[in-house]
Undergrad: 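Here it is, the structure, as structure tokens.
Residue numbers start from 1 in every chain, and the chains themselves are labelled A, B, ... in the order their sequence lines are given, proteins ahead of strands. This one's a predicted model, so the numbers in the text were calculated from it and none came from an experiment.
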Protein chains: 2
Amino acid sequence: MNKSAKISGQQDSGRTGLPAHEVIYRQLRDLVLFGDLAPGQPVTIQGLTARLDAGMTPVREAIRRLTAEGALEFQGNRRVCVPLLSADNISEIILARQWLDPHLTLRATERASLEDLERLTALDETLDAAITKGDLRAYLELNYRFHKHLYDIADAPILANLAEGLWLRFGPSLRVVCGRMGTQNLPDKHKDMLDAMHARDAESAARAIREDVIQGMEQVRQSLESSSPAH
Amino acid sequence: MNKSAKISGQQDSGRTGLPAHEVIYRQLRDLVLFGDLAPGQPVTIQGLTARLDAGMTPVREAIRRLTAEGALEFQGNRRVCVPLLSADNISEIILARQWLDPHLTLRATERASLEDLERLTALDETLDAAITKGDLRAYLELNYRFHKHLYDIADAPILANLAEGLWLRFGPSLRVVCGRMGTQNLPDKHKDMLDAMHARDAESAARAIREDVIQGMEQVRQSLESSSPAH
DNA sequence: GTCACTAGAATATGATCAAATTATCCAGTG
DNA sequence: CACTGGATAATTTGATCATATTCTAGTGAC
């Protein structure tokens, strides 16, 4: 009678057809991406099983994936934490995005359908609303989704994957910096970019995105530089 | 008497202090990197537990990590396989490496110690020996280690990580192409690059690496293009 | 300040359930 | 009578959990 007890075994306590480790991965990724986890904060398996109400195995696998993507960091002694980026690290990310984002924008401009342009415009308007309302969390998520949609349009899965990995790396630091400075003087070259895309002027669109990236990331770099000045 | 049987529970049947999942990860990564796994080949968890003589959990985690890095691919229906790259995929990788590798070489030239240069020279000589001997596997491994060491010298962990991820993606395809063409007309601009590094001519070194990358990767792209000609 | 001990967290295993692929069989047709 | 097509059964493989084991770090005593 107890031999066939409800030991469970598998998934889908929710309604999705997705495996649990996939669901947990996405939840944890969003936690990192939108700054719900602070840089330097330890990430424990048991803490996440409690926080996300999940089993140990799915949480383990999600942590492994995020670690491989650079969103989390092995601390040597089997501990995992959210990485603390140095100013040099940010410089690397700036360099990479300075090349990746314009290139993807170039391709996106050539391929974007009218629906795509409408979707981007709508996202940007919601983004503006979040800024004026001072809703930091919404800003971070919408800004990500704006760029993410741009990547998707570009139809270059590998390059887009690289770019997304960079977002995972600077997400926590971005949150800290924005939280420190408020949502006022945030960069928004999106309008210029959208105008250029509508005109199918790929070069101008790429240039606008490049400025958007540099402006935003330089603020992060400078903030990081002043908060940990000496080595 | 059997209750306390050798259920084991943990690691270190070898001698290393590394956790099993780390060891398995490296083994599986090398399998992908050096073409021991063919593109399209299914990767089963139970197959690997048998092949690598490991438990299920470490194998699972290794697969998750490699999947996150793009070395393996979820096939939707919970199956995992080695990715089959299209010519477009290779084009993306060429673009990225065309930017990444020269940049890293630039930095490496500025930072390389004499020991580093000696090590690179030694690696390249062993590489030449492998080519003349026609030892494909050794060529693949040494070529990787040559570039990897270059990345390490550059002292840019994030950019280096991106570059290594690209190697994982084209490793299996590279093996197929090289196996088809033999080890004769393989690119080797390493000599020019090393001369430039010795002279601390970073620009020339970067240019040499760029040609090396383009030559090698273009062969892969063209091979991919002819083997799957239609859209 | 060093060392032993303890508490807590991570690693790894095997058992068990679920799903997907493969193999098998039967019916209907040329 | 041989052959194709579809449905069902069997096997293989993946997903998840509970638990045992081991390592790390923190605590207190000497």
Side-chain angles (χ1 to χ4, degrees), chain A residues 1-28 37 40-68 71-82, chain B residues 1-28 37 40-68 71-82:
Chain A
M1 47 185 69
N2 62 352
K3 60 150 82 99
S4 64
K6 186 67 165 311
I7 309 188
S8 154
Q10 209 155 334
Q11 84 192 53
D12 225 331
S13 58
R15 199 89 314 127
T16 85
L18 293 166
H21 64 83
E22 184 69 31
V23 176
I24 300 298
Y25 164 74
R26 295 184 188 186
Q27 290 180 5
L28 184 52
L37 269 47
Q41 182 174 336
V43 174
T44 74
I45 288 178
Q46 306 194 341
L48 287 178
T49 58
R51 179 169 185 167
L52 302 179
D53 187 36
M56 197 186 290
T57 307
V59 168
R60 266 177 95 68
E61 301 193 7
I63 289 178
R64 294 285 176 260
R65 282 175 74 176
L66 271 312
T67 302
L72 299 176
E73 193 177 37
F74 259 123
Q75 213 151 12
N77 308 354
R78 54 205 332 218
R79 301 286 155 94
V80 174
C81 70
V82 181
Chain B
M1 47 185 67
N2 61 353
K3 60 148 82 97
S4 65
K6 186 66 165 309
I7 309 184
S8 159
Q10 211 153 335
Q11 83 192 48
D12 224 331
S13 58
R15 200 85 316 127
T16 85
L18 292 166
H21 66 84
E22 183 69 30
V23 175
I24 301 299
Y25 164 74
R26 295 184 188 184
Q27 290 180 5
L28 183 51
L37 269 48
Q41 180 174 337
V43 174
T44 75
I45 197 163
Q46 306 191 347
L48 287 178
T49 58
R51 178 168 186 168
L52 303 178
D53 186 37
M56 197 189 292
T57 308
V59 168
R60 270 180 90 71
E61 302 194 8
I63 289 178
R64 293 288 174 255
R65 284 176 71 177
L66 271 311
T67 303
L72 299 175
E73 195 177 34
F74 260 122
Q75 212 153 12
N77 308 354
R78 56 210 320 221
R79 297 289 154 93
V80 174
C81 70
V82 181

Undergrad: Starting from C1' on dC23(D), measure out to CZ on Arg78(A) and report it in whole angstrom.
TA: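 So the CZ-C1' distance, Arg78(A) to dC23(D), works out to 4 Å.
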
Undergrad: Measure from the side-chain heavy atoms of Arg79(B) and tell me the nearest of dA12(C), dG14(D), dA9(C).
TA: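 Nearest to the side chain of Arg79(B) among the choices is dG14(D).
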
Undergrad: Rounded to the nearest Å, what distance is computed from the CG atom of residue Leu52(A) to the P atom of nucleotide dC17(D)?
TA: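 After rounding, the gap between these two atoms is 13 Å.
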
Undergrad: Where the side chain of Ala20(B) is concerned, which of dC17(D), dT22(D), dA12(C) is the nearest nucleotide?
TA: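 Taking heavy atoms from C-beta onward, the closest nucleotide is dA12(C).
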
Undergrad: To the nearest Å, how far apart are Ile63(B) CD1 and dG14(D) C1'?
TA: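 Atom-to-atom, Ile63(B) to dG14(D), this comes out as 10 Å.
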
Undergrad: Locate the shortest heavy-atom distance separating Arg65(A) from His21(A); write the atom from each residue and the value.
TA: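 Closest approach of Arg65(A) to His21(A): NH1-ND1, 4.4 Å.
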
Undergrad: Can you see which heavy atom on Gly40(B) is nearest to which on Cys81(B), and at what distance?
TA: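 Closest approach of Gly40(B) to Cys81(B): O-CB, 4.1 Å.
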
Undergrad: Of all the nucleotides listed (dA15(D), dT11(C), dA9(C)), which has the minimum atom distance to the side chain of Pro19(B)?
TA: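 That would be dT11(C).
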
Undergrad: Closest to the Ile45(A) side chain: dT21(C), dT11(C), dA15(D)?
TA: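 The answer is dT11(C).
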
Undergrad: Counting side-chain heavy atoms from C-beta on, which of dT11(C), dA10(C), dA20(C) comes nearest to Thr44(A)?
TA: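 For the Thr44(A) side chain, the nearest candidate turns out to be dA10(C).
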
Undergrad: Does dT21(C) have OP1 or OP2 under 4.0 Å away from a side-chain N or O of Asn77(B)?
TA: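 Yes, Asn77(B) has a side-chain N/O under 4.0 Å of OP1/OP2 on dT21(C).
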
Undergrad: May I have the distance from Glu61(A) (atom CD) to dA10(C) (atom P), rounded to whole angstrom?
TA: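 Going from Glu61(A) (CD) to dA10(C) (P), I get 16 Å.
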
Undergrad: Under 4.0 Å from OP1 or OP2 of dA10(C): is there any side-chain N or O of Arg64(A) that close?
TA: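 Checking dA10(C) against Arg64(A), no side-chain N or O comes under 4.0 Å of OP1 or OP2.
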
Undergrad: Please give, in whole Å, the distance from dT13(D) P to Met56(B) CE?
TA: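 My rounded result for the distance is 12 Å.
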
Undergrad: Can you check whether Leu37(A) reaches Leu28(A) side chain to side chain, under 4.5 Å on heavy atoms?
TA: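 With C-beta onward as the side chain, the pair touches.
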
Undergrad: Of the nucleotides dT24(D), dT16(D), dA9(C), which has the atom closest to the His21(A) side chain?
TA: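 Looking only at heavy atoms from C-beta outward on His21(A), the closest nucleotide is dT16(D).
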
Undergrad: Can you see if the side chain of Arg60(B) gets near the phosphate of dA15(D) - specifically, an N or O under 4.0 Å from OP1 or OP2?
TA: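 Yes, because at least one side-chain N or O of Arg60(B) sits under 4.0 Å from OP1 or OP2 of dA15(D).
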
Undergrad: Minimum heavy-atom separation for Thr49(A) and Met56(A), please, with both atom names.
TA: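 Looking at all heavy atoms of both residues, the closest pair is CG2-CA, 3.9 Å.
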
Undergrad: Taking CZ from Arg65(B) and P from dT11(C), how many angstroms apart are they, rounded to a whole number?
TA: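 The distance from CZ of Arg65(B) to P of dT11(C) comes to 11 Å, rounded to the nearest Å.
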
Undergrad: In whole angstrom, give the distance that lies between atom CG of Leu18(B) and atom C1' of dT22(D).
TA: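 From Leu18(B) CG to dT22(D) C1': 16 Å.
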
Undergrad: CG of Leu72(A) to CZ of Arg64(A): how many Å apart, nearest 0.5 Å?
TA: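 Between atom CG of Leu72(A) and atom CZ of Arg64(A) there are 10.5 Å.
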
Undergrad: For the pair made of CD in Gln46(B) and C1' in dT16(C), what is the distance, rounded to whole Å?
TA: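 That distance rounds to 13 Å.
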
